[in-house]
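Take a look at the structure below.
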Amino acid sequence: MRREYNGGLIAFSRFFSSFASKSCSPESSIHCQFRLLYVACESLTTTHTFSWLLRQCIDGRSITGLKKIQTQMLKSGFPVEISGSKLVDASLKCGEIGYARQLFDGMRERHIVTWNSLIAYFIKHRRSKEAVEMYRLMITNNVLPDEYTLSSVFKAFSDLGLEKEARRSHGLAVILGLEVANVFVGSALVDMYVKFGKTREAKLVLDRVEEKDVVLITALIVGYSQKGEDTEAVKAFQSMLGEKVQPNEYTFASVLISCGNLKDIGNGKLIHGLIIKSGFESVLASQTSLLTMYLRCSLVDDSLRVFKCIEYPNQVTWTSLISGLVQNGREEMALSVFRNMMRDSIKPNSFTLSSALRGCSNLAMFEEGRQIHSIVSKYGFDKDKYAGSGLIDLYGKCGCSDMARLVFDTLSEVDIISLNTMIYSYAQNGFGHEAIELFERMIHLGLRPNDVTVLSVLLACNNSGLVEEGCAFFDSFRKDKIMLTNDHYACMVDMLGRAGRLEEAEMLITEVINPDLVLWRTLLSACKIHRKVELAEHITRKVLEIAPGDEGTLILMSNLYASTGKWNKVIEMKSVMKEMRLKKNPAMSWVEVDRETHTFMAGDLFLHPNSKEILETLEDLIRMAKDLGYVEDKSCVFQDMEETAKERALHQHSEKLAIAFSVWRNVGGNIRILKNLRVCVDCHSWIKIVSRVINREIICRDSKRFHHFRDGSCSCGDYW
DNA sequence: ATAGGGTTAG
């Protein structure tokens, strides 16, 4: 009789659902189900039917239905303990935590499944605190946790950093014999120790688990690769194969990260083969991991080949490609990939945006970067620290530290990275006081400065001529036992050297355990500024002992001889360089106009389609600058030639060409140019005057810093 | 009836 009714019910339900799918809206379909439940609830008793009905409620997310079933269960004398856990589980699956909690609180006797379901729900929704509270309540109520409880709750411990309590529960798992016997408990433990950064203990747990499976071993591999113990990760993977445990896409993903970190292309390709052999070749996660691995190993073509085989790349796949291309210096391609992604209507996330922004800031692509800024806003990432730092970096590298600051001030959370980025932006642009102010705020917030902070602060002092402040900071960093690297020393050597305190600068180098070429070259360029030929010769001899024929040193020395008029020495140096087949890095400037980049090389305009117009504009600008007092500084010419030829050479320095081009194209607003070397004294004084002539700000990024030319003066205070 | 691992970033 009952069975018949149940069968009838199913048929009834089928009738309704087919009816619903054909002609009804989803709401009316659920309405039909309510009617159905109402009818059914009148006379039902079997466990089987209750389960079926609960399933219907879960599918229809119907709390009303649940309540009806509850009444019916009570009426029919269904064991309260069982019905309770069933109802709690069903309410949680309907997303009704409030009702579940209400049921839970009303129970006199609670089945362990009830506890487990609630804990699992909290874990699933990352409500770790409540999960742990529930677990504690369970213990105080003398309910002994089982394998289900433990395999869930460990995640909450690691999430909240409750290591002590976690170890106590681990002990419980050992006493109950679950650590060894239940692989779920074992993997949860491994995962937990991994999250605590304790890979050694994770491995000890793994070794004790009797029947090891993929998840267990993968959890350990993940731990190794996230901690940078990449060799261990690869070893664990190999031993997994030895134990005949079949890896899956999760396993491949983590071991491939380690291969990428190790640049272990041999194992990387081996795993690629394994992926094909075990049928994971068209699993998106595996494809993405392979793509990333190839990019980390700088095999851009291989990664593109993998990408082409992917039918539907997702957000992560696209992002991985974009960030990898940027890391390999293929910014242009990265940005075109980004545009393709947007065209395919794949939503970007903060990873995507910060990668694309880094592509822009590497090349100081202002317009492109601004467009990405509007995408950042469109998708609601204005307050995000990752996208935000990307924007700060972009604006900093485009010479707009005020815009960088606007972004910084909207961030919802200030952390060491965003602070460092902002301080560095100020430093590059010569806003020393602003940088120091932010640094003080950082200390006030209780954040410990790291090596990037130290470099940014020193650079800020250096670029603003704050020598005393810089020295004071340096001393305090030394006292605070902050690790100082060669870069930090190089910054100080530059600062002291440029201030003419060459002896102190040299002393500082002797303090360094392993002085590198950069340090010596820095001191050498200070010699060049102050025309200290003898000291420079002394240093050059020293450097050439460590690094015979060092290109940078020879060029600096040759330029020093040239600027002091020692032309025979210049010829000598040049012949040495020629013999060693060294070529000077040609000076280049570039400028972005209408999202197109135009590159200029000194004296080289013949190939430009508008050379005539550019030269005419340039002549006008030089004439007007001369009217306001510009005089050529011929010490900036490093070749021995006739005076008029020197003038001509000066007039065609790449930055002058780039500025003339921008003026001719009538670029609106500021003029923003970039240069691969440092700007020379002659161009510097010329650009100052031109900024007044055309009454516009000219921002020039050279290889070391920014110069903001406005109304006849420069932000660097003629100190660079 | 209730349970475990991964991919992209400054």
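What you see below is based on every heavy atom in this structure, not just the backbone, and it leaves out hydrogens, waters and symmetry mates. Here the structure is a predicted model, which is why all the values come from computation and not from measurement.
In this structure, Phe184(A) forms an aromatic stack with the base of dA3(B), since both conditions hold: centre separation below 5.5 Å and plane angle below 30°.
Residues from residues 115-127 of chain A placing a heavy atom under 4.0 Å of any atom in DNA chain B, listed by number, are Asn116(A), Ser117(A), Ala120(A).
A salt bridge between Glu368(A) and Arg339(A) is present, with a side-chain N of the basic residue lying under 4.0 Å from a carboxylate O of the acidic one. Between Glu243(A) and Lys212(A), no side-chain nitrogen of the basic residue sits less than 4.0 Å from a carboxylate oxygen of the acidic one, so the salt-bridge criterion is not met.
The aromatic rings of Phe154(A) and His170(A) stand perpendicular to each other, their planes meeting at an angle above 60°, with 30° marking the opposite boundary.
A cation-pi geometry, defined here as NZ or CZ lying under 6.0 Å from the six-membered ring centre and within 45° of its normal, does not hold between Lys93(A) and Tyr121(A).
Scanning atom types as modelled, no donor and acceptor separated by under 3.5 angstrom connect the side chain of Ser152(A) and the base of dA3(B). Scanning atom types as modelled, one donor and one acceptor separated by under 3.5 angstrom connect the side chain of Ser85(A) and the base of dA1(B). Contact of Ser187(A) with dG4(B) (side chain to base): a donor-acceptor pair of N or O atoms is detected under 3.5 Å. With hydrogens and angles ignored, a donor-acceptor pair under 3.5 angstrom links the side chain of Asp213(A) to the base of dG4(B).
Asp415(A) comes within 4.0 angstrom of a nucleotide base, judged by non-hydrogen atoms across all strands. Within the 4.0 angstrom heavy-atom criterion, only backbone atoms of the sugar-phosphate kind lie near Gln226(A); the bases stay farther away. Using a 4.0 Å heavy-atom criterion, one finds that Asp393(A) contacts no nucleic acid atom at all. Using a 4.0 Å heavy-atom cutoff across all strands shown, Val316(A) reaches at least one base atom of the nucleic acid. Residue Thr251(A) is in base contact, counting any heavy-atom pair closer than 4.0 Å across all strands shown. Using a 4.0 Å heavy-atom cutoff across all strands shown, Asp146(A) reaches no nucleic acid atom at all. Counting any heavy atom pair closer than 4.0 Å across all strands shown, Val194(A) reaches no nucleic acid atom. Thr421(A) comes within contact range of no nucleotide atom at all, as no heavy-atom separation falls under 4.0 Å.
Atom CG of Asp191(A) and atom P of dG4(B) are 10 Å apart (whole Å).
Close to dT8(B), at under 4.0 Å from its OP1 or OP2, lies a side-chain N or O of Arg296(A).
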